[in-house]
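Working notes, beginning with the structure itself.
Sequence positions, counted from 1, serve as the residue numbers for this chain. Everything numeric in this text was worked out from a predicted model, so none of it was measured.
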Amino acid sequence: MRYDLVIFDNDGVLVDSEPISNRLLAGYLTELGHPTSYEDSLRDYMGGAMHRVHDLVLERTGRRLPEDFDDVFHGRVFAAFERELEPVPGAVGVLEKLAADGVAYCVASSGSHERIRVGHRKAGLDRWFDDGRIFSSQDVGRGKPAPDLFLHAVGRMGVAPERCAVIEDSPLGVQAAVAAGMDVYGFTAMTPAAKLAGATRLFADMGELADLLAG
């Protein structure tokens, strides 16, 4: 393995949550008078922290979202996770390979700690991630595309940025990893390859990742 640490994004990379959360986000924003399609949500918010939703709505409309927006949205998301959420096909195999090879790994997500844990529990990934392997945008001042979250993660894991590989599926995440000085592998299962053009490598099947990282 050519890397000392592999950093996974969570939504869309480890858990197949992006279709669920973006469908619900588009619907809730539309309910509140901010017409948003599923495609709009993917384009504008995929990979970003919740503050990005608030910031863009305020910038575009001059109106603030309700104070309980995050709580209501997450309540809907968590309920849908219980019904629908599955791990991304191939993700468990990658984690098994890294663990068997003794390669350090962690997750660095724009989602909250609660969202990460709920998703991992429902998808059966919680056994792979103890507290020391989970990092959230809640831990830093700026979310992706700023590099802060990834730099925070490597600082806590004790690895130099240039010895890390980031696994991302959003343009915001790729930008953040590049800004942090890390190699980034762009997962194109949901995102057109052209939108992840800044990535070091692109791949479409999570089952391919372990071999790519070792190559």
Side-chain angles (χ1 to χ4, degrees), residues 8-88 107-120 122-123 136-138 140-149 167-179 184 186-199 202 204:
F8 292 92
D9 177 42
N10 190 55
D11 294 293
V13 170
L14 293 173
V15 295
D16 195 16
S17 53
E18 292 291 10
I20 299 170
S21 58
N22 282 282
R23 182 185 77 231
L24 293 171
L25 179 58
Y28 189 25
L29 287 172
T30 300
E31 282 178 33
L32 294 173
H34 305 287
T36 305
S37 69
Y38 173 72
E39 292 75 19
D40 292 337
S41 185
L42 289 176
R43 181 194 66 220
D44 293 341
Y45 305 121
M46 182 175 167
M50 285 302 295
H51 69 77
R52 180 176 175 84
V53 182
H54 291 265
D55 292 346
L56 282 183
V57 169
L58 179 61
E59 177 185 318
R60 291 169 174 174
T61 69
R63 296 161 51 199
R64 296 186 182 278
L65 292 170
E67 289 187 5
D68 65 350
F69 179 87
D70 290 12
D71 290 338
V72 172
F73 174 63
H74 283 128
R76 296 182 183 188
V77 167
F78 295 163
F81 280 2
E82 292 294 340
R83 297 189 302 270
E84 306 173 42
L85 190 65
E86 299 288 343
V88 167
V107 62
S109 171
S110 293
S112 66
H113 281 279
E114 183 182 16
R115 175 176 172 138
I116 297 167
R117 291 201 171 283
V118 168
H120 284 187
K122 176 59 177 66
S136 161
S137 62
Q138 289 180 311
V140 295
R142 299 181 301 168
K144 305 169 189 178
D148 304 34
L149 176 56
I167 318 304
E168 268 287 354
D169 69 334
S170 74
L172 294 176
V174 168
Q175 291 173 45
V178 171
V184 54
F187 183 41
T188 62
M190 274 194 61
T191 307
K195 293 190 175 183
L196 303 179
L202 298 174

Closest contact, heavy atoms only, S110 versus G47: OG-O, 2.7 Å
Are the charged groups of D40 and R43 less than 4.0 angstrom apart, N to O? yes
Over all atoms of both residues, closest heavy-atom pair of K144 and L172: CB-O, 3.9 Å
Verify side-chain contact (heavy atoms from CB on, under 4.5 Å) between L14 and H120, making sure each step is shown before the conclusion. CA-CA 8 Å; L14 293 173; H120 284 187; 4.2 Å; yes
So which heavy atom on S17 is nearest to which on G12, and how close? OG-N, 3.8 Å
Can you name the residues that form a salt bridge (charged side-chain N to carboxylate O under 4.0 Å, His left out) with D11, not counting sequence neighbours? R115
Straight-line distance of R52 CZ to E59 CD, nearest 0.5 Å: 9.0 Å
Closest approach of L42 to M46 (non-hydrogen atoms, all atoms of both residues): O-CB, 3.1 Å
Walk me through it: do V88 and V13 pass the test side-chain contact (heavy atoms from CB on, under 4.5 Å)? CA-CA 6 Å; V88 167; V13 170; 5.7 Å; no
Got a sec, which residues hit side chain to side chain contact (heavy atoms under 4.5 Å, CB included) with R23, two or more places apart in sequence or on another chain? I20, Y38, E84
Taken in chain and number order and not counting sequence neighbours, the residues that satisfy ring pair (Phe, Tyr, Trp, His ring centres under 6.0 Å) with H54 are F69
Answer whether the closest heavy-atom distance between the side chains of P171 and L196 falls below 4.5 Å. yes
Can you sort out the partners of F187 under ring pair (Phe, Tyr, Trp, His ring centres under 6.0 Å), two or more places apart, ordered by chain and number? F203
Can you give each donor-acceptor pair under 3.5 Å made by side-chain atoms of residues 25-34, sequence neighbours left out, with the distance rounded to 0.1 Å?
residue, atom, partner, partner atom, Å
T30, OG1, A26, O, 2.8
T30, OG1, T36, N, 3.0
T30, OG1, T36, O, 3.1
E31, OE1, R76, NH2, 3.2
E31, OE2, R76, NH1, 3.0

Can you check side-chain contact (heavy atoms from CB on, under 4.5 Å) on K122 and V15, steps first, answer last? CA-CA 9 Å; K122 176 59 177 66; V15 295; over 6 Å; no
Min side-chain heavy-atom separation M190-P19 under 4.5 Å: yes
Out of curiosity, H74 NE2 to D68 CG, how far, rounded to the nearest 0.5 Å? 13.0 Å
First locate atom CG of L85, then atom CZ of F78, and finally report the distance between them rounded to the nearest 0.5 Å. 11.0 Å
Heavy-atom pair with the smallest gap, counting every atom of G186 and A199: N-CB, 3.8 Å
Might you point out which heavy atoms bring L149 and S109 nearest each other, and give the distance in Å? CD2-O, 3.4 Å
If we ignore hydrogens and angles and just use 3.5 Å, is the side chain of T191 paired with the main-chain N or O of S170 as donor and acceptor? no
Sorted by chain and number, sequence neighbours left out, salt bridge (charged side-chain N to carboxylate O under 4.0 Å, His left out) with R60 holds for D44
